[in-house]
K.L.:
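I'd like to ask some things about the structure below.
Protein chains get the first letters and strands the later ones, always in sequence-line order, with residue 1 at the start of each. Every value quoted in this text rests on a predicted model; they were computed, and no experiment measured them.
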There are 4 protein chains.
Amino acid sequence: MSASAKEPRWERRKQDRPQELLAAALELFVERGYAATRLEDVATRAGVSKGTLYLYFDGKESLFKSVVRTNVLPLLDQAEARIEGHAGSSAELLRDLILHWWQSASHSGVVGIAKLMVAESGNFPELARFYHDEVTARGDATVVRVLERGMARGEFRRVDADAMKKVIVAPLIMLMLWEQSLAPCAATPIDPQAYLESMIDLCLNGLKA
Amino acid sequence: MSASAKEPRWERRKQDRPQELLAAALELFVERGYAATRLEDVATRAGVSKGTLYLYFDGKESLFKSVVRTNVLPLLDQAEARIEGHAGSSAELLRDLILHWWQSASHSGVVGIAKLMVAESGNFPELARFYHDEVTARGDATVVRVLERGMARGEFRRVDADAMKKVIVAPLIMLMLWEQSLAPCAATPIDPQAYLESMIDLCLNGLKA
Amino acid sequence: MSASAKEPRWERRKQDRPQELLAAALELFVERGYAATRLEDVATRAGVSKGTLYLYFDGKESLFKSVVRTNVLPLLDQAEARIEGHAGSSAELLRDLILHWWQSASHSGVVGIAKLMVAESGNFPELARFYHDEVTARGDATVVRVLERGMARGEFRRVDADAMKKVIVAPLIMLMLWEQSLAPCAATPIDPQAYLESMIDLCLNGLKA
Amino acid sequence: MSASAKEPRWERRKQDRPQELLAAALELFVERGYAATRLEDVATRAGVSKGTLYLYFDGKESLFKSVVRTNVLPLLDQAEARIEGHAGSSAELLRDLILHWWQSASHSGVVGIAKLMVAESGNFPELARFYHDEVTARGDATVVRVLERGMARGEFRRVDADAMKKVIVAPLIMLMLWEQSLAPCAATPIDPQAYLESMIDLCLNGLKA
DNA sequence: CATGAATGAGGCTTCATTCAT
DNA sequence: TATGAATGAAGCCTCATTCAT
């Protein structure tokens with residue numbers, strides 16, 4: 001990993017430890033699920049010992065929460081920023097948001113987080129609430145904004161934005177879940193680009209005035 | 001403890017045991033996830049002792065697989081049967097399939113199975129493969145059939161059926177996942193009927209020729 | 001331990017387990033202190049495995065509390081019973097109580113409990129309160145009763161019974177503590193009989209009217 | 001963190017470190033017991049880092065032994081010095097010794113040491129032996145001297161000094177133990193002055209010729 | 001001298017699984 | 001068949017101790 005010339009028995013890198021541990025934890029939580037992930041494996045993958053993990057996190061649950069929060073929040077900020085600056089048609093905006101969400105998500109740990117939340121929110125009600133408030137609600141609001149923008153400008157036909165927002169978001173989330181859980185076992189894996197094009201195609205045709 | 005000579009009312013017959021265990025296991029697996037479900041709780045909920053469970057299943061993993069297989073297959077049979085007898089428009093057929101799928105799924109334990117598969121397919125590759133082959137593939141094929149029927153009859157515009165099938169199925173699966181995992185914590189829970197209407201609305205508008 | 005003819009891999013003795021575990025735990029807690037006692041050693045000494053202990057006790061703390069309560073309460077009942085039936089002089093009564101307390105205590109686990117309570121009551125405030133209420137208070141009250149009886153009958157001179165009760169009880173407790181902790185290392189161990197005679201001698205001479 | 005160039009007011013000198021560590025350790029050992037005391041807390045309370053502790057002590061056990069030895073010896077020297085200069089009656093001497101012992105003990109950390117020795121002597125046999133030789137034996141000898149002085153001068157009646165010494169010392173030790181462990185939870189805490197007066201009262205009346 | 005990040009052995013606890021009855 | 005007491009491997013977490021800086 002770190003290609004320093006000489007490695008002493010251990011190197012002082014307090015600054016880097018949390019990120020390294022979070023990265024390792026994300027990988028393993030996504031790969032194996034919460035319960036099946038052993039903290040020792042997380043530590044090992046981060047290149048430290050079991051005890052070191054406890055210098056930075058209170059325990060497994062705390063680590064899990066940090067993983068979720070750390071990975072999810074930046075992405076949302078990013079997404080919302082895109083909306084502000086958009087000037088073109090609402091169709092363009094929706095397409096842009098979808099494609100960029102996938103772009104960002106698939107290059108970060110967020111694809112895995114989705115699976116984790118589906119799987120573990122039952123066991124972490126407080127995390128589920130956080131996720132709902134900070135992630136789902138914000139995401140939904142974004143879609144509603146786009147829908148209303150489109151309807152106001154006469155670009156989209158009139159629909160029940162509140163119900164429709166969920167329908168529109170669903171294929172995007174499912175794509176993340178498939179990539180993480182079922183797709184690896186599929187004989188014919190999903191082609192994300194074709195999938196997204198079909199999704200956009202369906203949405204824009206389904207919404208157009 | 002309870003050493004009553006004669007069992008009241010209906011005698012609990014041995015041949016019911018597996019079903020009772022599977023039912024209890026489904027509930028608990030869905031409620032708590034695979035790892036957090038204790039076999040003793042499953043046995044207790046089924047009204048038998050821990051040891052008895054091992055008379056019918058090889059262990060936790062075997063029980064889990066049986067739960068998935070048992071609950072998923074009947075639903076698919078059911079769904080496919082509906083297609084055969086359909087004579088009307090393809091739009092009607094699609095609407096019918098969506099609404100009936102939800103009808104059946106939400107009244108069985110299948111809604112929970114979806115969450116389990118997303119969460120655990122990484123830990124049970126062979127189960128994931130089974131699920132893909134027996135469930136996902138069959139479900140996808142069904143949708144493809146409907147799409148192609150619609151296109152062949154000039155009811156639907158031409159789309160990439162292979163990519164579109166996933167897009168269409170996604171909102172249905174997400175509805176199941178939401179109901180099971182994230183929705184319970186949401187301030188404003190989803191209204192399935194409105195959601196499904198929006199979904200059908202979007203799909204039919206998005207597909208119409 | 002149990003000299004049964006043939007020992008199967010394990011023998012069903014649910015009834016006996018708690019007592020066996022409590023006995024083993026008493027020995028080890030007294031010998032090594034609370035923290036230094038490993039539950040695995042307790043289990044082993046009781047002839048069972050680590051996990052079995054958890055079938056009967058919630059954990060280390062619960063086991064500790066049970067040890068204290070189980071061993072202490074019977075002794076107090078016993079002691080109080082002796083007072084009821086006494087008819088002779090108060091000096092005789094005091095002597096009788098002291099000698100019989102030691103008799104009972106030294107043949108039970110109570111000598112060790114005293115050390116445990118001194119050592120651990122700081123860590124178990126609720127146990128300390130229990131011990132104060134159920135043991136210390138009852139013991140003190142007993143001594144007060146004897147003192148007042150003696151003063152009322154003109155056998156003892158007038159003293160501050162409330163302060164004196166503690167002074168009188170102290171050498172008895174110290175004898176228990178010495179036996180358990182420091183005495184084993186002493187070059188010249190204490191002779192309990194001579195000690196008790198001196199104690200009674202001092203008390204009766206110090207109290208006589 | 002705090003990188004101030006000049007240390008305010010009194011500079012913390014290196015030669016104070018051991019005493020500061022010993023003082024902190026005494027407090028914590030007494031408060032929590034040996035096992036429950038974490039060296040990091042000791043260091044923090046002494047205002048140094050964990051590693052620094054190891055510059056002055058070999059480890060936890062070594063620190064503990066030093067705590068006991070350091071705190072106990074001065075008190076004994078002090079006590080013995082008082083005897084030398086006494087000229088009055090033996091009753092006066094005994095009273096003086098008792099009151100001054102408590103005076104000194106209760107203003108130092110020695111009250112806590114008693115509890116520690118009772119609790120831990122089983123785990124530190126060599127420390128127990130030291131304590132017996134250096135503390136108990138010297139204390140006992142002191143009492144014996146007083147008793148023999150009193151008997152020789154016809155002030156005390158003849159008693160078995162060897163057995164009696166322990167009886168006389170016991171209430172003094174118990175007072176220390178009560179203060180440290182059980183008393184804090186008692187509804188009616190002990191009043192040391194009344195207790196000591198009763199003790200002296202009982203002893204002198206019990207011993208007088 | 002002093003620091004504090006890092007280590008890893010060791011203890012408590014859980015629970016899937018076994019098996020004598 | 002059915003039971004449930006018993007097992008023991010495995011994981012989380014703590015903390016005394018080390019050592020590069």
K.L.:
Any chance the rings of B:Phe124 and B:Tyr34 have centres within less than 6.0 Å?
P.N.:
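Yes, they do, as the ring centres are separated by less than 6.0 Å.
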
K.L.:
Between the side chains of B:Glu126 and B:Lys65, is the shortest nitrogen-to-carboxylate-oxygen separation below 4.0 Å, so that they form an ion pair?
P.N.:
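Salt bridge flag = yes for B:Glu126 with B:Lys65.
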
K.L.:
Can you tell me how far P of E:dT17 sits from CZ of B:Phe57, to the nearest Å?
P.N.:
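These atoms are roughly 13 Å apart.
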
K.L.:
Under 4.0 angstrom, heavy atoms only, what part of the nucleic acid is A:Ser62 near: base, sugar-phosphate, or nothing?
P.N.:
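Counting heavy atoms under 4.0 Å across all strands, no contact is made by A:Ser62.
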
K.L.:
Could you please name the partner base of F:dT18, counting Watson-Crick and G-U wobble pairs only when both distances are under 3.5 Å?
P.N.:
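F:dT18 is paired, partner E:dA5.
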
K.L.:
Hey, does C:Gly51 reach any base, or is it just sugar-phosphate, or nothing, if we go heavy atoms under 4.0 Å?
P.N.:
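Base contact.
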
K.L.:
Which one, E:dC12, E:dT7, F:dC12, comes nearest to the side chain of A:Ser49?
P.N.:
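Of E:dC12, E:dT7, F:dC12, E:dT7 is nearest to the side chain of A:Ser49.
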
K.L.:
Give the nucleotide from the list E:dT3, F:dA16, F:dA6 with an atom nearest to the side chain of D:Thr52.
P.N.:
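The listed nucleotide nearest to D:Thr52's side chain is E:dT3.
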
K.L.:
If every non-hydrogen atom of C:Pro18 is compared with every non-hydrogen atom of C:Phe57, which pair is closest and at what distance?
P.N.:
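Where C:Pro18 meets C:Phe57 most closely, the heavy atoms are O-CZ, 4.2 Å.
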
K.L.:
Mind checking D:Leu55 for me? I need base, sugar-phosphate or nothing, with any heavy atom below 4.0 Å counting as a touch.
P.N.:
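Base, at least one base heavy atom under 4.0 Å.
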
K.L.:
With salt bridge (Lys or Arg N to Asp or Glu O under 4.0 Å) as the rule and sequence neighbours excluded, what pairs involving residues 110-123 of chain B come up?
P.N.:
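Found none.
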
K.L.:
Closest to the B:Val48 side chain: F:dT3, E:dA16, F:dA2?
P.N.:
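Given the options F:dT3, E:dA16, F:dA2, the side chain of B:Val48 is closest to F:dT3.
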
K.L.:
Less than 3.5 Å between a donor and an acceptor, one on the side chain of C:Lys50 and one on the base of F:dT7, is that the case here?
P.N.:
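No pair found.
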
K.L.:
Within the structure shown, what part of the strands sits under 4.0 Å from B:Thr44 by heavy-atom distance: base, sugar-phosphate, or nothing?
P.N.:
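No contact at all - B:Thr44 keeps every heavy atom at 4.0 Å or more from the nucleic acid.
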
K.L.:
Look at the side chain of D:Tyr54 and decide which nucleotide, out of F:dA16, F:dT14, E:dT7, has an atom nearest to it.
P.N.:
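Side chain of D:Tyr54 sits closest to F:dA16.
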
